[in-house]
Chemist: 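Got a structure here, written out as structure tokens. Questions coming.
Residue numbers run from 1 in the order of the sequence given.
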Amino acid sequence: MNIITTPMCYQILDIAGIKNYSIVKPSKLCDADIAITLQETKTKIPTIKLKLNTYTQILESIDKLVKYFDTNKNLVIINQIINENNKLHTNNTNRKNIKVKVYTNFLKDIAEDLGYTIVDKGYDYVIYPDYLKEEINKYNTLVEIPSHKNTSKKPLERIKARYEIMEDKIPCMKQ
């Protein structure tokens, strides 16, 4: 089977135990039996779409691939992901009192996963992707998060970096 994936997804294939695949740019997704891409990637060939914005989404994506390809996942890395996820959720009760305005769906996924209350008005912080900096800079409680092109291609590193930024910028996270 000819499997292709993008640079933003290949690490998940490795963790899911998929050995034979090619990495291509999203614009080159063609001539394959199946593509494995991020949820928002458009393609004309059969595709398995993954959400990779939170640890939970990564675990779900790995399980989806394991079931589809009948492979064995890397349990050491799976346990590391579960431990990271559990650490983040120990303080969710403190976070629910912080109101955030969020730009973009990937940041909404992260903010919801961390337990923040998402609102459009009366917010304590604005969380936005780096590519909206010029548009957003009128606020004074900003939390800038790097978008796909300005962060690691590896989902686990990307999530960790984004979560750490939120933990550093929003005071209740510091315990």
Side-chain angles (χ1 to χ4, degrees), residues 1-89 102-116 118 127-136 143-167:
M1 177 179 276
N2 183 12
I3 303 168
I4 57 174
T5 192
T6 61
M8 301 297 274
C9 295
Y10 81 91
Q11 183 184 34
I12 301 308
L13 278 72
D14 290 344
I15 298 168
I18 300 168
K19 304 288 185 216
N20 297 315
Y21 61 88
S22 300
I23 302 170
V24 298
K25 293 180 180 180
S27 60
K28 304 288 185 189
L29 289 168
C30 59
D31 299 327
D33 297 317
I34 193 156
I36 300 168
T37 68
L38 292 175
Q39 185 74 29
E40 60 273 9
T41 304
K42 306 235 184 296
T43 179
K44 294 180 181 176
I45 61 176
T47 306
I48 297 174
K49 299 208 177 255
L50 306 178
K51 288 191 83 172
L52 303 175
N53 299 320
T54 68
Y55 290 115
T56 302
Q57 289 175 351
I58 283 182
L59 291 169
E60 290 168 353
S61 294
I62 291 166
D63 284 342
K64 182 190 283 189
L65 294 175
V66 166
K67 287 177 187 166
Y68 187 90
F69 292 102
D70 192 27
T71 58
N72 295 314
K73 57 189 168 189
N74 183 325
L75 294 177
V76 171
I77 295 176
I78 296 297
N79 287 330
Q80 291 171 350
I81 295 168
I82 291 169
N83 289 336
E84 285 295 319
N85 196 39
N86 289 341
K87 277 193 258 178
L88 287 169
H89 290 92
V102 180
Y103 288 83
T104 76
N105 289 331
F106 83 88
L107 294 176
K108 183 178 180 186
D109 288 347
I110 296 169
E112 284 176 342
D113 191 51
L114 286 169
Y116 294 112
I118 298 174
I127 302 172
Y128 67 97
D130 53 5
Y131 59 83
L132 290 179
K133 185 173 187 167
E134 297 302 317
E135 186 178 321
I136 306 289
V143 179
E144 180 179 304
I145 306 296
S147 58
H148 293 316
K149 67 181 178 181
N150 293 318
T151 191
S152 174
K153 301 266 186 255
K154 296 179 178 180
L156 295 174
E157 290 176 18
R158 185 170 62 244
I159 289 171
K160 184 174 177 150
R162 288 173 176 166
Y163 279 57
E164 285 175 352
I165 290 169
M166 284 191 193
E167 288 178 321

Chemist: Got a donor-acceptor contact below 3.5 angstrom from the N79 side chain to the L75 backbone?
Modeler: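 It does hold such a pair.
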Chemist: Have D14 and Y21 got a donor and an acceptor in their side chains that come within less than 3.5 Å?
Modeler: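 The answer is yes; a qualifying pair exists.
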Chemist: May I ask you to say whether K160 pairs ionically with E157, meaning some side-chain N is under 4.0 Å from a carboxylate O?
Modeler: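 Salt bridge flag = no for E157 with K160.
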Chemist: Walk me through whether Y116 and M166 qualify under side chain to side chain contact (heavy atoms under 4.5 Å, CB included).
Modeler: CA-CA 11 Å; Y116 294 112; M166 284 191 193; 4.3 Å; yes
Chemist: Keeping the roles fixed (side chain from S61, backbone from K51), state whether a donor-acceptor pair exists under 3.5 Å.
Modeler: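 Such a contact is found between S61 side chain and K51 backbone.
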Chemist: Would you say K73's side chain and L65's backbone share a donor-acceptor pair under 3.5 angstrom?
Modeler: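 Side chain of K73 to backbone of L65: no pair is present.
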Chemist: Verify, without hydrogens or angle tests, whether D33 (side chain) and N2 (backbone) share a donor-acceptor contact under 3.5 angstrom.
Modeler: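 Flag set: sc D33 to bb N2 pair under 3.5 Å.
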Chemist: Does S147 reach the main-chain N or O of D130 with its side chain, forming a donor-acceptor pair under 3.5 Å?
Modeler: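 No, the answer is negative, given that no donor and acceptor are paired below the 3.5 Å cut-off.
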Chemist: Checking side chain to side chain contact (heavy atoms under 4.5 Å, CB included) for the pair Y131/T104: CA distance, chi angles, key distance, verdict?
Modeler: CA-CA 11 Å; Y131 59 83; T104 76; 3.2 Å; yes
Chemist: Looking at T151 and R158, would you say the former's side chain and the latter's main chain have a donor-acceptor pair under 3.5 Å?
Modeler: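 No.
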Chemist: Tell me, with the steps shown, if L38 and H148 meet side chain to side chain contact (heavy atoms under 4.5 Å, CB included).
Modeler: CA-CA 11 Å; L38 292 175; H148 293 316; 4.0 Å; yes
Chemist: Kindly indicate whether the side chain of I45, heavy atoms from C-beta on, has any atom under 4.5 Å from the side chain of I4.
Modeler: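 With C-beta onward as the side chain, the pair touches.
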Chemist: Given side chain to side chain donor-acceptor pair (under 3.5 Å), test D113 with Y163 step by step and report yes or no.
Modeler: CA-CA 10 Å; D113 191 51; Y163 279 57; 2.8 Å; yes
Chemist: So, does S152 use its side chain to make a donor-acceptor pair with the main chain of K154 at under 3.5 Å?
Modeler: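 Yes, S152 side chain to K154 backbone: donor-acceptor pair under 3.5 Å.
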